[in-house]
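Only one structure is covered here, and it is reproduced in the block below.
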Amino acid sequence: MVSGEAPQAEGSTRVDVWIWSVRLTKTRSQAAAACRAGHVKVAGERAKPAQAVRVGDEVRLRHAGRDRIVVVSKIVKKRVGAPVAAECFIDNSPPPPPREVALQVPVRDRGAGRPTKRDRREMERLRGGGGGGGDLPR
């Protein structure tokens with residue numbers, strides 16, 4: 001055994017390595033950060049990056065504004081291609097929300113510059129904020 005390496009049972013690997021290997025995150029550091037932040041659960045329990053994952057475990061990952069629920073069907077220790085990665089887990093995730101429902105950011109015309117005070121008041125009025133500023137007596 002190499003110094004500094006955690007002992008692992010045959011047929012298991014670190015949860016952060018597995019998440020990265022099956023392409024649920026782009027980098028291993030993102031997978032480890034998600035584990036440290038509490039966004040990864042293995043069998044319903046919050047997982048640390050070095051926690052072992054085995055075949056049959058349910059892994060829940062909150063990443064990129066979406067919940068992913070997968071069941072481990074194959075252990076991989078190195079990053080694999082997308083077709084092979086798809087065979088390594090069973091995806092039980094809810095479907096992603098439609099793009100129309102996603103937050104839409106208002107777009108200003110190109111070259112319009114910063115909004116003026118009058119523009120800001122009109123935008124506040126449209127949003128329902130009032131924006132009259134007439135709450136101080138004179």
Side-chain angles (χ1 to χ4, degrees):
M1 178 162 82
V2 178
S3 175
E5 186 177 313
Q8 296 178 348
E10 191 61 38
S12 69
T13 188
R14 291 172 54 117
V15 68
D16 63 337
V17 172
W18 186 83
I19 289 171
W20 166 72
S21 297
V22 297
R23 299 177 171 264
L24 294 176
T25 60
K26 285 187 177 184
T27 64
R28 182 172 168 200
S29 61
Q30 281 181 344
C35 291
R36 284 192 298 274
H39 299 299
V40 177
K41 293 182 179 181
V42 176
E45 296 293 322
R46 192 172 162 184
K48 292 183 178 179
Q51 181 172 338
V53 66
R54 293 172 183 78
V55 174
D57 285 346
E58 180 187 69
V59 178
R60 291 176 175 259
L61 169 68
R62 175 103 178 129
H63 180 68
R66 184 173 173 215
D67 287 325
R68 299 291 306 264
I69 303 167
V70 297
V71 177
V72 179
S73 61
K74 190 176 184 183
I75 297 294
V76 289
K77 297 183 181 189
K78 298 210 175 193
R79 192 162 171 96
V80 293
V84 177
E87 297 172 359
C88 295
F89 61 88
I90 301 164
D91 196 358
N92 295 332
S93 305
R99 291 188 181 198
E100 299 85 41
V101 176
L103 179 65
Q104 295 179 356
V105 179
V107 179
R108 289 182 51 84
D109 294 332
R110 188 172 175 90
R114 283 181 63 170
T116 62
K117 194 171 194 176
R118 180 179 180 184
D119 294 337
R120 287 197 313 270
R121 286 180 180 157
E122 288 175 3
M123 287 188 280
E124 285 296 320
R125 206 169 296 122
L126 288 173
R127 289 185 199 148
D135 46 80
L136 294 175
R138 291 190 178 202

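In what follows, residues are counted from 1 in the order of the sequence shown.
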Heavy-atom check, side chain of [X] versus side chain of [Y], under 4.5 Å:
{"X": "Ile69", "Y": "Pro94", "answer": "yes"}
{"X": "Glu122", "Y": "Arg118", "answer": "yes"}
{"X": "Ile75", "Y": "Val55", "answer": "yes"}

Could you tell me which non-hydrogen atom of [X] sits nearest to which non-hydrogen atom of [Y], and how far apart they are?
{"X": "Ala47", "Y": "Val15", "value": "CB-CG1, 4.3 Å"}
{"X": "Ser21", "Y": "Val76", "value": "CB-CG2, 3.6 Å"}
{"X": "Val72", "Y": "Val53", "value": "CG2-CG2, 3.6 Å"}

Not counting sequence neighbours, list each pair that qualifies as a salt bridge (charged side-chain N to carboxylate O under 4.0 Å, His left out) and has a residue in residues 15-25.
->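 Sorted pair list: Arg14-Asp16, Asp16-Arg28.
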With sequence neighbours excluded, residues passing side-chain contact (heavy atoms from CB on, under 4.5 Å) with [X]:
{"X": "Arg68", "answer": "Leu24, Leu61, Arg66, Phe89, Asp91, Ser93"}
{"X": "Lys78", "answer": "none"}
{"X": "Arg114", "answer": "none"}
{"X": "Val71", "answer": "Ile90, Asn92"}

Glu58: what forms a side-chain hydrogen bond (donor to acceptor under 3.5 Å, both in side chains) with it, not counting sequence neighbours?
->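 Checked Glu58 against side-chain hydrogen bond (donor to acceptor under 3.5 Å, both in side chains); matches are Arg60.
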Tell me, please, which residues at least two apart from Ser29 pass side-chain hydrogen bond (donor to acceptor under 3.5 Å, both in side chains).
->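 Expected list: Thr27.
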Working to the nearest 0.5 Å, report the span between CD1 of Ile19 and CD of Gln30.
->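 It is 11.5 Å, given to the nearest 0.5 Å.
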Can you measure from CD (Gln51) to OG (Ser12) and round to the nearest 0.5 angstrom?
->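 The CD atom of Gln51 sits 10.5 Å away from the OG atom of Ser12.
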Side chains of residues 31-40: which donor-acceptor pairs under 3.5 Å do they make with residues two or more places apart or in other chains?
none

May I have the step-by-step check of side chain to side chain contact (heavy atoms under 4.5 Å, CB included) for Trp18 and Val70, ending in yes or no?
-> CA-CA 12 Å; Trp18 186 83; Val70 297; 4.0 Å; yes
Quick one: salt bridge (charged side-chain N to carboxylate O under 4.0 Å, His left out) partners of Asp67, sequence neighbours excluded?
->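 So Asp67 forms a salt bridge (charged side-chain N to carboxylate O under 4.0 Å, His left out) with Arg62.
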